[in-house]
Amino acid sequence: MRVGFIGLGNMGAPMAANLATAGHDVTGHDLAAPCPEGVTRAASGVEAARGAEVVITMLPDGAILRKVAAELIPAMETGAILLDCSTVDVDSARAVADQAAQAGLMALDAPVSGGVGGAQAGTLTFMVGGPEEAHARALPLFEVMGAKAVHCGPAGNGQAAKICNNMILGATMIVTCEAFALADKLGLSRQAMFDVVSTSSGQSWSMTTYCPAPGIGPASPADNGYRPGFAADLMLKDLRLSQQAAESHDADTPLGLAAMRLYATFVEEEGGTGTDFSAMLPRFEGRGRGDN
Ligand code: NAD
């Protein structure tokens, strides 16, 4: 397929490179980042989009997506697909989809889970919102870049699935870290804690797959000095998006709100920026009940 790829950062570059390696004709553009091998460089997003069957965007946020989409859409051919893989607010995803539909294009919002490692290995999970037909046509690309592409419904539903998933993840990681810090104070070994919880009803991905305690369970960022992995800053971004959505749709999400506030404090006031989101455990270790 002829693919335009806008946003060749930490995630976009390996995704575009995998598409080129698989034999797709990929033209890329980024304001700052270099083009990966196999991808033809375009001087602008518009140039990358011209003649493409699918234009993929992998950008920092919804405001940038709206701006870039407004430039790309008039340059795209009727019937082409605008496939946004960035994590953005649901309202921006739906606004861009409306604009694309008015121009005779199809839009998909397809945020990913799996991080830079998943992007490099081509094992991302895509959560896809938009027309069924566009999802089916984009499947060969999803299959190269990822292991799974779940169709979640109409425009914006991919972003909705992503922020709901990450709201669960953020709150679950926090409480898993709290529990380890409490167990320490109770004299319960971390290994015993892991052995029990990973096979009991407190079990979660945060415990069994991404254990925040170094030296316990499978290898995770905790074993690598809490280098990300999934950065606390990105978790904060996603928790803010879930609160923005909860506010605009009048949903009561007290634990999601608490998780957002805690990651904001951690990232913005306590030096958590640039660390993995599981570095909440060393944060809790040093704290007592008076520290709130
Ligand atoms: P990044 O900052 O490394 O990449 C974004 C790229 O977009 C940058 O290279 C930037 O120069 C480029 N860009 C910005 N404005 C542009 C414009 N107008 N035209 C062209 N290029 C432009 O970010 P990333 O880590 O690759 O993340 C991209 C998206 O994926 C974000 O929405 C993020 O939330 C999401 N995401 C990231 C991860 C992760 O682990 N990094 C995991 C899941 C989802």
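Just so you know, residue 1 is the first one in the sequence shown, and it goes up from there. Atom set for the values below is all heavy atoms of this structure, side chains included, hydrogens, waters and symmetry mates excluded. Counting starts at 1 for both ligands and their atoms, following the listed order.
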(request) May I ask you to say whether R287 pairs ionically with E270, meaning some side-chain N is under 4.0 Å from a carboxylate O? (result) yes
(request) Without swapping roles, check the side chain of N18 against the backbone of A119 for a donor-acceptor pair under 3.5 Å. (result)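 Indeed, once roles are kept as given, a pair shorter than 3.5 Å links the two residues.
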How close does the nearest protein non-hydrogen atom get to [atom], and which residue and atom is it?
atom: atom 4 (O) of ligand 1; result: G9 CA, 3.3 Å
atom: atom 11 (O) of ligand 1; result: D30 OD1, 2.6 Å
atom: atom 40 (O) of ligand 1; result: G115 CA, 3.5 Å
atom: atom 21 (N) of ligand 1; result: L31 N, 3.4 Å
atom: atom 26 (O) of ligand 1; result: M11 N, 2.8 Å
atom: atom 14 (C) of ligand 1; result: P60 CD, 3.8 Å

Any idea which atoms of ligand 1 are less than 4.0 Å away from a heavy-atom of [X]?
X: L234; result: 34 (O), 38 (C), 39 (C), 40 (O), 41 (N)
X: I6; result: 20 (C)
X: A33; result: 9 (O)

(request) Could you check which of L59, V116, T125, T87 puts a non-hydrogen atom nearest to atom 13 (N) of ligand 1? (result)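 Nearest option to atom 13 (N) of ligand 1, by heavy atoms: L59.
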(message) When you measure from the heavy atoms of E71 to every atom of ligand 1, does any distance fall below 4.0 Å?
(response)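 Contact absent.
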[X] N/O under 3.5 Å from ligand 1 N/O:
X: K237; answer: yes
X: G229; answer: no
X: S86; answer: no
X: N10; answer: yes

(request) Answer yes or no for atom 2 (O) of ligand 1: protein heavy atom present at a distance under 4.0 Å? (result) no
(request) For atom 23 (O) of ligand 1, decide whether some protein heavy-atom distance is shorter than 4.0 Å. (result) no
(request) Treat each ILVMFWY residue as a node, draw an edge where side-chain heavy atoms are under 4.5 Å apart, and state whether I168 and W205 are in one component. (result)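 I168 does not cluster with W205.
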